[in-house]
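Structure, as structure tokens:
Predicted, not measured: the structure shown is a model, and the values here were computed from it. In this chain, residues are counted from 1 in sequence order.
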Amino acid sequence: MDGDAVTQANVESYRALFAAVFSDYHLFKQLYGIEPDAAAEVPELLSLFELDDKTGVQDGEFTTVDLSAGQRKRLALIVALLERRPICVLDEWAADQDPIFRRKFYQELVQLLKVRGITVIAVSHDDRYYDRAERRIHMEYGRVLDVREAARV
């Protein structure tokens with residue numbers, strides 16, 4: 001990374017750069033390991049992700065996680081953002097979102113995360129939004145077939 005080999009001695013610091021929401025994730029009701037100043041962002045993030053009328057945080061835990069699949073994934077992304085890591089990996093994150101929120105995610109939220117200094121690695125089969133990427137890496141069967149830089153940056 002950055003010209004240095006990732007070894008057993010430094011692998012933990014490398015891992016600490018990443019937050020992720022995988023396609024098969026687990027959402028805890030309690031906010032584990034979230035700093036109090038980060039937890040103060042929850043109301044703003046719930047509003048941004050259109051969940052402020054569905055859940056909240058009280059005594060360090062969500063008031064409910066009994067939500068639709070898409071809403072639960074939004075909540076999982078909020079938790080990932082609260083970890084304040086510079087790289088966020090999202091595995092088919094938008095697949096569970098309704099079409100309106102999926103569009104909001106690709107057209108607004110990814111850009112907002114970029115402004116916050118977060119690199120988003122979005123794994124997706126949804127070719128309707130490929131043009132939103134700064135760099136697109138096309139893979140098949142675990143092999144890189146094509147890398148394209150966006151015309152716009």
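- The side-chain heavy atoms of Leu112 and Leu48, taken from C-beta on, include a pair separated by under 4.5 Å.
- The aromatic rings of Tyr106 and Tyr129 lie parallel to each other, their planes meeting at an angle below 30°, with 60° marking the opposite boundary.
- By the rule that hydrophobic residues join a cluster once side-chain heavy atoms approach within less than 4.5 Å of another member, Val57 and Leu45 end up as members of one cluster.
- Under the 4.5 Å side-chain heavy-atom criterion for ILVMFWY residues, no single connected hydrophobic cluster contains both Val110 and Val89.
- Of the possible polar contacts, none joining the Gln30 side chain to the Gly60 backbone as a donor-acceptor pair under 3.5 Å is found.
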- request: Given side-chain contact (heavy atoms from CB on, under 4.5 Å), test Leu75 with Leu46 step by step and report yes or no.
  value: CA-CA 8 Å; Leu75 207 52; Leu46 288 174; 3.7 Å; yes

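- In this structure, Phe101 is a member of the same hydrophobic cluster as Leu27, with clusters built from ILVMFWY side-chain heavy atoms closer than 4.5 Å.
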- prompt: Given the rule in the side-chain contact (heavy atoms from CB on, under 4.5 Å) test, do Leu77 and Cys88 qualify, once you have shown the distances and angles that lead to the verdict?
  reply: CA-CA 9 Å; Leu77 179 50; Cys88 189; 3.8 Å; yes

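- Residue Phe62 holds its CZ atom at 9.0 Å from CG of Leu51, rounded to the nearest 0.5 Å.
- A distance of 8.5 Å separates CG of Asp131 from CD of Gln107, quoted to the nearest 0.5 Å.
- Shortest non-hydrogen contact noted between Lys54 and Leu67 is CB-CD2, 3.7 Å.
- If you check the side chains of Gln97 and Arg103, you find no donor sitting under 3.5 Å from an acceptor.
- Salt bridge Glu134/Lys114: present, at least one basic N to carboxylate O contact under 4.0 Å.
- A donor-acceptor pair under 3.5 Å links the side-chain atoms of Trp93 to the main chain of Lys73, judged by distance alone.
- The line from CD1 of Ile34 to CD of Glu41 is 10.0 Å long, rounded to the nearest 0.5 Å.
- By the neighbour-count criterion of 12 heavy atoms within 6.0 Å, atom CG of Asn10 is densely surrounded, having more than that number from other residues, nucleotides or ligands.
- The shortest side-chain heavy-atom distance between Arg102 and Arg128 falls under the 4.5 Å cut-off.
- Here the CG-CZ distance, from Leu109 to Phe49, works out to 5.0 Å after rounding to the nearest 0.5 Å.
- Looking only at distances, no side-chain donor or acceptor of Thr55 sits under 3.5 Å from a matching main-chain atom of Val65.
- Minimum interatomic distance between Glu83 and Ala19 (heavy atoms only, all atoms of both residues): OE1-CB, 3.6 Å.
- A 6.0 Å sphere centred on CD1 of Ile100 holds no more than 12 heavy atoms belonging to other residues, nucleotides or ligands.
- Applying the side-chain contact (heavy atoms from CB on, under 4.5 Å) rule to Tyr130 yields the partners Asp127, Arg136; only residues at least two apart in sequence or on another chain are considered.
- For the atom pair CD of Glu35 and CG of Leu82, the computed distance is 11.0 Å after rounding to the nearest 0.5 Å.
- In the hydrophobic clustering of ILVMFWY residues, with side-chain heavy atoms under 4.5 Å counting as a link, Ile121 and Val144 come out apart.
- Leu81 and Ile87 fall into different hydrophobic clusters, where Ile, Leu, Val, Met, Phe, Trp and Tyr are joined by side-chain heavy atoms under 4.5 Å apart, directly or via other members.
- Taking each heavy atom of Asp37 and Arg84 in turn, the nearest pair found is OD2-NH1, 2.8 Å.
- Going from atom CZ of Arg85 over to atom CD1 of Ile118 covers 12.0 Å, rounded to the nearest 0.5 Å.
- When side chains are defined from C-beta on, Arg74 does not count as touching Phe105, because their heavy atoms never get closer than 4.5 Å.
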